[in-house]
Amino acid sequence: MSTFHSDRLSKLIKSMETLSDGQLKLIQESVDAFNKPYIKAGRDSTSDLVSGTFLHDFGDLLRIHHCYSKQPFSKDKFEYALESVCNMNGFQAKLSSTGNPGHDITINGVGISLKTQADSNIRVGKIHISKFMELGKGDWSDKIEDLIGLRQQFFNHMSSYERIFTLRCLSKNPEHYKYELVEIPKALLLEAENGELLIKADSKQNPKPGYCQVQDDDGNVKFQLYFDGGGERKLQVKNLLKGYCTVHAQWEFSLT
């Protein structure tokens, strides 16, 4: 044990002497969570973001969160956790102002968009972003030509950041929580420029929803942009094959 670690521990013990039994119980629950071994925790050795210490620092925040909640990490928790852990690990990270329509965080001068996924029908190999962005402006009728303008909004939105990360909760079972941090290549999404545009003419929504479908050379779907004509008028990214992405880190743990 280093002198620094010993001094910090001594100060911590001293500061807890005035705490109530209830406060000590909360601290004990946190300590118990830290002392439980991971079922699995791993990182991509080539990751320029997730080091060994980063892996465990972020994993600790996931475990602390689930000491007091069965709900998956929300987007705002992801944002604050990432900023905190980045700064703890030598990066210069700063969250964007609330309501910023572009990037969510800047890390070492690079704008980054953050997403989360925790739907009950989540599929390990396919990524779904239910609200990539709002589509409140622009013409939108039953014409294919209007989808070109909506797709351009998508490209304009991505011009303010260089990287896209999504934190995915693959299991919400308290006996086996499972998360992964995945980077979606921006270059992959830009392939939508050559995607096939389709209008769902049989839909009862107004305006009618549409798709931009991107395929590989063999005709297999790599991902789809879904222009949702519902009340929110939003853009979804659907059926994005994770094989085209980078899994920077994975965490599996139990708190039972």
Side-chain angles (χ1 to χ4, degrees), residues 1-17 19-95 104-108 112-118 122 124 163-183 246-256:
M1 182 183 297
S2 67
T3 301
F4 176 79
H5 185 86
S6 180
D7 288 345
R8 172 170 284 183
L9 184 60
S10 297
K11 290 178 181 178
L12 180 60
I13 294 172
K14 182 69 175 178
S15 67
M16 289 192 294
E17 291 178 354
L19 298 184
S20 67
D21 288 343
Q23 290 169 329
L24 290 173
K25 181 177 182 297
L26 293 174
I27 292 174
Q28 185 63 60
E29 289 175 351
S30 300
V31 172
D32 290 344
F34 290 148
N35 283 329
K36 286 183 181 293
Y38 284 101
I39 296 173
K40 179 182 178 181
R43 57 179 286 271
D44 184 333
S45 62
T46 66
S47 175
D48 61 348
L49 179 67
V50 182
S51 64
T53 54
F54 186 110
L55 177 74
H56 290 285
D57 289 342
F58 196 92
D60 284 341
L61 289 180
L62 289 173
R63 295 193 291 180
I64 285 295
H65 166 76
H66 282 296
C67 279
Y68 310 108
S69 176
K70 293 183 179 180
Q71 298 301 313
F73 240 37
S74 59
K75 185 172 183 290
D76 68 317
K77 287 186 173 66
F78 176 32
E79 292 171 351
Y80 281 99
L82 185 62
E83 180 189 42
S84 175
V85 172
C86 280
N87 287 323
M88 288 168 60
N89 282 272
F91 296 94
Q92 293 184 338
K94 183 176 178 56
L95 290 177
D104 296 297
I105 190 171
T106 302
I107 301 176
N108 286 356
I112 298 174
S113 176
L114 302 178
K115 310 295 181 184
T116 55
Q117 184 183 2
I122 193 168
V124 173
R163 303 178 74 173
I164 304 160
F165 286 89
T166 180
L167 181 68
R168 309 178 76 216
C169 182
L170 300 175
S171 172
K172 294 173 275 191
N173 183 346
E175 295 183 358
H176 193 165
Y177 289 109
K178 184 175 182 179
Y179 284 86
E180 63 179 11
L181 179 64
V182 180
E183 181 171 6
T246 299
V247 180
H248 282 257
Q250 296 175 304
W251 300 269
E252 298 180 44
F253 55 92
S254 172
L255 296 179
T256 59

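Across all their heavy atoms, E79 and I105 have their closest contact at O-CD1, 4.4 Å. Closest approach of V247 to D44, counting heavy atoms only: O-CB, 3.5 Å. Residues T166 and Q117 approach most closely at OG1-N, 4.1 Å, considering heavy atoms. When all heavy atoms of L55 and A249 are compared, the pair lying nearest together is CD1-CB, 3.8 Å. Across all non-hydrogen atoms, the minimal contact from S51 to N89 is OG-OD1, 3.9 Å. The minimum heavy-atom distance linking Y177 with K172 is given by the pair CE2-O, 3.6 Å.
Of the residues listed (I107, I112, N108), the one engaging C86 in a side chain to side chain contact (heavy atoms under 4.5 Å, CB included) is I107, and it is the only one. Just one residue in the list W251, Y179, F165, Y80 forms a ring-ring contact (aromatic ring centres under 6.0 Å, His included) with F58, and that residue is W251.
Side-chain atoms of H248 and S47 form a donor-acceptor pair, as typed in the model, at a separation below 3.5 Å. A donor-acceptor contact under 3.5 angstrom links the side chains of S74 and D76, judged on distance only.
For the pair L49 and E183, the minimum side-chain heavy-atom distance is 4.5 Å or more. You'll find the side chain of S254 reaches within 4.5 Å of the side chain of I39, heavy atoms only. For the pair F78 and L181, the minimum side-chain heavy-atom distance is below 4.5 Å.
Atom NZ in K115 sits 6.0 Å away from atom CG in D104 (nearest 0.5 Å). We find the NZ-CG distance between K77 and L61 to be 12.0 Å, quoted to the nearest 0.5 Å. For the atom pair CZ of R163 and OG1 of T246, the computed distance is 8.5 Å after rounding to the nearest 0.5 Å. Between the CG atom of L82 and the CG atom of N87 there is a distance of 9.5 Å, given to the nearest 0.5 Å. Atom NZ of K70 is separated from atom CG of L255 by 11.5 Å, given to the nearest 0.5 angstrom. Atom CD of Q250 and atom CD of E180 lie 6.0 Å apart (nearest 0.5 Å).
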Side chain to side chain contact (heavy atoms under 4.5 Å, CB included) for L62 and F73? Distances and angles first, verdict last. CA-CA 7 Å; L62 289 173; F73 240 37; 3.9 Å; yes

Applying side chain to side chain contact (heavy atoms under 4.5 Å, CB included), run through F54 and R43 and close with a yes or a no. CA-CA 10 Å; F54 186 110; R43 57 179 286 271; over 6 Å; no

Using a 3.5 Å cut-off and no angle test, enumerate the donor-acceptor pairs between side-chain atoms of residues 29-37 and protein atoms at least two apart in sequence or in another chain.
unit_1	atom_1	unit_2	atom_2	d
E29	OE2	K25	NZ	2.6
S30	OG	L26	O	3.2
S30	OG	Y68	OH	3.1
D32	OD1	Q28	NE2	2.9
N35	ND2	V31	O	3.3
K36	NZ	T256	O	3.2

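Of the possible donor and acceptor atoms, one in the side chain of S15 sits under 3.5 Å from a partner among the backbone N and O of L12.
For H65, the side chain to side chain donor-acceptor pair (under 3.5 Å) criterion is met by no residue, not counting sequence neighbours.
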